[in-house]
2 protein chains.
Amino acid sequence: LIEVKDLKKVYGVEEDSAVYALDGMNASVDRGEFAAIMGPSGSGKSTLMNILGCLDTPSAGQYILDGRDVSGLSKDDLADVRNQKIGFIFQSFNLLPRLSALDNVMLPLLYDTREAQPQEMQRQRAIAALESVGLGHRTGHHPNQLSGGQQQRVAIARALINQPPLILADEPTGNLDSRSSVEIMDLLHDLHKQGATIVMVTHEPDIARHAGRILCVRDGRLISDGRGGNN
Amino acid sequence: LIEVKDLKKVYGVEEDSAVYALDGMNASVDRGEFAAIMGPSGSGKSTLMNILGCLDTPSAGQYILDGRDVSGLSKDDLADVRNQKIGFIFQSFNLLPRLSALDNVMLPLLYDTREAQPQEMQRQRAIAALESVGLGHRTGHHPNQLSGGQQQRVAIARALINQPPLILADEPTGNLDSRSSVEIMDLLHDLHKQGATIVMVTHEPDIARHAGRILCVRDGRLISDGRGGNN
Ligand SMILES: Nc1ncnc2c1ncn2[C@@H]1O[C@H](COP(=O)(O)OP(=O)(O)OP(=O)(O)O)[C@@H](O)[C@H]1O
Ligand SMILES: Nc1ncnc2c1ncn2[C@@H]1O[C@H](COP(=O)(O)OP(=O)(O)OP(=O)(O)O)[C@@H](O)[C@H]1O
Ligand SMILES: [Mg+2]
Ligand SMILES: [Mg+2]
């Protein structure tokens, strides 16, 4: 489903000292796989995820998604891919502050250019999505009226509401206690069993063990790629 | 150093369904202690920390800091307490987006109403603070040019630069890999050995074990308070 070839991402900051956030990465992920990405802070994990999520473009190299070179896609195609094919759980949530939890979760449904469902049906789906992350009692709260872990769970519900075939999760349990983490991992496992492909960044080994494969990143490069554990 | 008596915090949202973020909390922390707070997502930990940090006021109950009832302090007194006595590491970092990492870390020095040091000396202290969290090579970057864990470390450097006697850390390692987490915990231990009082919220048991005491919170109340482990 995913193939990256010699992927590079360079930033030029501080008197032209170039920062290679990605420094030649090669990897592929099969449809239906559950892969974890680990690595030190600043090693390029979120940068890679942003490119996989079609939110950013590489400085060099290729990203082939579902057989198509993403650099060849139009802006509209990319928007549809992001809305329909990919569910992105951001490391810093990226909720809209002026919308309630419910409206934040409904956004992917509103932007879906495929046949639109009636508003009431969308609303029910959003309520169900929030209930699945334990937030049925917080639908009307705005992000600044929610705890850190609650905001993270709203971001998770929003990413999963369209049942996307590819889930990109960047530190999905970073702000969650162990019981909420278990609930979220169970949710991801259910989706995986139903056929979703999952790529998950985590710095917690116990969470990474849920995946069938762990890719280790360092200084913008892949340094190990192992299958084992659950699969 | 810290005493909270029957502390309550109520929010009224969603058709007047009152949310008791804190529902009658009693606790005290001695000078020089290192205490961890654990509990489920949404149980009131950050709400408590905001009150301890003089950033929020309770709906009922008392907060006595260093022998003084905080509700009796003037706005200026509170600003001085926050600047000189307390170092706050926020769960969501709260960095100023238009300032570089260096300028973000320097802010507490600029706001210090005690004798001001020369600009160059403040700058050197800020550089040293960033080096102590492994970010000496990122001083000029702005928050949106930093990884999640790097932003967290800038927030840590900023909280600690004034060497405050009370450190309030809300999930300080939530976005850090294990090696960076170890470095941050070592830093906190050094400050603790030098006499700082530390109250740290974490959902990771391995991190909580660094403290001499673990307080467990649930639904806005203290449900257990145990000493053991390191002390
Ligand atoms: N401004 C607000 N209005 C209404 N409810 C609020 C507000 N702020 C917080 N809450 C509620 O208060 C409760 C406690 O929030 P708090 O942020 O203290 O939790 P927490 O223990 O820090 O959680 P986490 O581990 O997820 O960070 C939550 O249920 C939250 O929804
Ligand atoms: N816009 C930018 N300009 C300059 N450098 C950047 C920019 N964005 C990211 N970087 C740098 O790229 C590197 C990789 O960042 P990235 O966010 O991918 O790290 P990460 O592996 O996700 O880290 P973490 O585990 O801390 O979240 C970092 O060293 C960061 O400072
Ligand atoms: Mg990241
Ligand atoms: Mg919190």
Side-chain angles (χ1 to χ4, degrees), chain A residues 11-15 17 19 21 38-47 49 90-93 100-102 133-135 137-153 170-171 173-181 183-184 201-208 216-218, chain B residues 11-15 17 19 21 38-47 49 90-93 100-102 133-135 137-153 170-171 173-181 183-184 201-208 216-218:
Chain A
Y11 296 106
V13 189
E14 288 195 38
E15 300 89 47
S17 63
V19 173
M38 300 190 79
S41 174
S43 54
K45 307 181 296 295
S46 296
T47 302
M49 295 287 269
F90 294 91
Q91 185 171 11
S92 51
F93 321 148
S100 67
L102 191 73
V133 296
L135 290 176
H137 61 314
R138 287 280 181 275
T139 54
H141 284 231
H142 286 237
N144 67 348
Q145 296 169 329
L146 295 171
S147 77
Q150 289 170 340
Q151 292 175 34
Q152 186 155 34
R153 285 182 278 155
D170 196 346
E171 305 274 4
T173 63
N175 281 286
L176 299 180
D177 56 285
S178 33
R179 186 175 146 199
S180 306
S181 297
E183 291 172 2
I184 293 305
V201 170
T202 181
H203 64 255
E204 295 187 53
D206 287 348
I207 299 291
C216 289
V217 180
R218 184 184 209 88
Chain B
Y11 296 105
V13 189
E14 288 195 42
E15 301 90 47
S17 61
V19 173
M38 299 189 80
S41 174
S43 54
K45 306 180 297 295
S46 296
T47 303
M49 294 288 268
F90 293 91
Q91 185 171 10
S92 52
F93 321 148
S100 67
L102 191 72
V133 297
L135 290 176
H137 61 315
R138 286 281 182 277
T139 53
H141 284 230
H142 286 238
N144 67 347
Q145 296 169 330
L146 295 171
S147 76
Q150 290 170 341
Q151 291 175 34
Q152 186 155 34
R153 284 181 278 154
D170 196 346
E171 305 275 4
T173 63
N175 281 284
L176 299 180
D177 56 286
S178 33
R179 185 174 146 200
S180 306
S181 297
E183 292 172 0
I184 293 306
V201 170
T202 181
H203 65 254
E204 295 186 52
D206 286 347
I207 299 292
C216 290
V217 180
R218 186 186 208 85

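First the proteins, then the strands, lettered A, B, ... as listed; each starts at 1.
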Exercise. Which answer fits B/Ser180, side chain, backbone, both or neither, if we ask what part of it has an atom under 4.5 Å from a heavy atom of chain A?
Worked result: side chain

Problem set entry | Heavy-atom proximity to chain B below 4.5 Å, by part of A/Ser46 | neither

Exercise. Can A/His203 and B/Thr173 be said to form a side-chain contact (heavy atoms from CB on, under 4.5 Å), step by step?
Worked result: CA-CA 10 Å; A/His203 64 255; B/Thr173 63; over 6 Å; no

Problem set entry | Steps toward side-chain contact (heavy atoms from CB on, under 4.5 Å) verdict (A/Val19, B/Gln145) | CA-CA 10 Å; A/Val19 173; B/Gln145 296 169 330; over 6 Å; no

Problem set entry | Part of A/Glu204 within contact of chain B (heavy atom distance under 4.5 Å) | side chain

Exercise. What part of B/Gln151 lies closer than 4.5 angstrom to a heavy atom of chain A: side chain, backbone, both or neither?
Worked result: neither

Exercise. With no hydrogens and no angle check, do the side chains of A/Asn175 and B/Glu171 hold a donor and an acceptor under 3.5 Å apart?
Worked result: no

Problem set entry | Interchain contact, A/Ser100 with chain B, by part (heavy-atom threshold 4.5 Å) | neither

Exercise. Given that the side chain runs from C-beta out, which part of B/Ser41 has a heavy atom under 4.5 Å from chain A: side chain, backbone, both or neither?
Worked result: both

